[in-house]
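Quick note: numbers below take in every heavy atom, side chains included, and nothing from hydrogens, waters or symmetry partners.
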Amino acid sequence: MIPNLISLSRIFFIFPIILFLVMNDVHLALLFFLIASFTDFLDGYAARYLKQESVLGANLDLLADKIFVSSLLIFISFHFDNLIFLMMTILIIAREISIGIIRQHSLETSNENKAKVNFLGKFKTFFQIFTIGLAMIFLDSKFDQIVEIFVIITAVLSWLSLLNYSYAKS
């Protein structure tokens, strides 16, 4: 129960993050962003520690990750009016939708091992969150090209993890 609430809290942290970015209070936006990002580690740790690991919990964690990352990528793309960031956001979200469909198919065909998250998928999520943090700090500065490079790397890494996920377990 507690791990699931921690996962769901990540979704609700989106609202203050966006609010503070709109108010140009990057420091508070980053504080809420860091707390929300920490919940990605904390929910799994709490589930293992409290012996409350479940299929529902694993799926809530994935759902919270996807909503958190996708919502912030979309908002940041438009808030900072950056075309490269927007195009990479579309690629990243397309990957997230694709992986959801593949997971659903795997579960329906009783291939549960294929539905599990692998290391590259976890690294991809970490890199996405890192890039969002960079974007919040630097996208509206003279370092915006560095953020653009990171979001391009993030999109490539996202699609590589999809290919790895799709073909490594076929």
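- Rounding to the nearest 0.5 angstrom, the gap separating the OG atom in S37 from the CG atom in D65 is 9.5 Å.
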Practice task
Applying side chain to side chain contact (heavy atoms under 4.5 Å, CB included), run through I76 and T89 and close with a yes or a no.
Solution key: CA-CA 9 Å; I76 288 169; T89 292; over 6 Å; no

Handout entry: Full working for side chain to side chain contact (heavy atoms under 4.5 Å, CB included) between R10 and I67
Key = CA-CA 9 Å; R10 193 157 49 257; I67 292 172; over 6 Å; no

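- I17 is connected to L28 through a chain of hydrophobic side-chain contacts under 4.5 Å among Ile, Leu, Val, Met, Phe, Trp and Tyr, so both are in one cluster.
- Closest approach of A29 to F20, counting heavy atoms only: N-CB, 3.6 Å.
- Following chains of ILVMFWY side-chain contacts shorter than 4.5 Å, one cannot reach L5 starting from F38, and the two form parts of different hydrophobic clusters.
- To the nearest 0.5 Å, atoms CG (L72) and CD1 (I129) are separated by 9.0 Å.
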Would you tabulate the side-chain donor-acceptor contacts of residues 51-58 under 3.5 Å, counting partners in other chains and residues two or more places apart, or write 'none'?
{"from": "Q52", "atom 1": "OE1", "to": "M1", "atom 2": "N", "distance (Å)": "3.0"}
{"from": "S54", "atom 1": "OG", "to": "G57", "atom 2": "N", "distance (Å)": "2.9"}

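- Partner of K66 under the side chain to side chain contact (heavy atoms under 4.5 Å, CB included) criterion, out of I99, T125, I93: I99 alone.
- Between S7 and A64, the shortest heavy-atom contact is O-CB, 3.2 Å.
- Residues F13 and I2 fall into different hydrophobic clusters, defined by Ile, Leu, Val, Met, Phe, Trp and Tyr side chains chained together at heavy-atom separations under 4.5 Å.
- Residues satisfying the side-chain contact (heavy atoms from CB on, under 4.5 Å) test with I90, not counting sequence neighbours, are L86.
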Kindly list each side-chain donor-acceptor pair under 3.5 angstrom involving residues 146-161, sequence neighbours excluded, with atom names and distances?
{"from": "E148", "atom 1": "OE2", "to": "N82", "atom 2": "ND2", "distance (Å)": "2.8"}
{"from": "T154", "atom 1": "OG1", "to": "T131", "atom 2": "OG1", "distance (Å)": "2.7"}
{"from": "T154", "atom 1": "OG1", "to": "F150", "atom 2": "O", "distance (Å)": "2.7"}
{"from": "S158", "atom 1": "OG", "to": "Q128", "atom 2": "NE2", "distance (Å)": "3.2"}
{"from": "S158", "atom 1": "OG", "to": "T154", "atom 2": "O", "distance (Å)": "2.8"}
{"from": "W159", "atom 1": "NE1", "to": "L91", "atom 2": "O", "distance (Å)": "2.8"}
{"from": "S161", "atom 1": "OG", "to": "R95", "atom 2": "NE", "distance (Å)": "3.3"}
{"from": "S161", "atom 1": "OG", "to": "R95", "atom 2": "NH2", "distance (Å)": "2.7"}
{"from": "S161", "atom 1": "OG", "to": "S158", "atom 2": "O", "distance (Å)": "2.8"}

Practice task
Check step by step if side chain to side chain contact (heavy atoms under 4.5 Å, CB included) holds for I14 and F32.
Solution key: CA-CA 8 Å; I14 296 166; F32 279 91; over 6 Å; no

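- Distance check, rounded to the nearest 0.5 Å: CD1 of I84 to CD of Q145 gives 8.0 Å.
- Taking each heavy atom of F80 and A135 in turn, the nearest pair found is CE1-O, 3.9 Å.
- For the atom pair D43 CG and S9 OG, the distance stands at 8.0 Å (nearest 0.5 Å).
- Counting only heavy atoms from C-beta outward, the side chains of V69 and L73 approach each other to under 4.5 Å.
- Distance check: L62 CG to E96 CD gives 9.5 Å after rounding to the nearest 0.5 Å.
- Atom CD1 of residue I6 and atom CG of residue L60 lie 12.0 Å apart, to the nearest 0.5 angstrom.
- By the criterion of side-chain heavy atoms lying less than 4.5 angstrom apart, applied directly or through intervening Ile, Leu, Val, Met, Phe, Trp or Tyr residues, F75 is grouped together with F130 in one hydrophobic cluster.
- One hydrophobic cluster holds both F33 and I92 under the rule that ILVMFWY side chains link at heavy-atom gaps under 4.5 Å.
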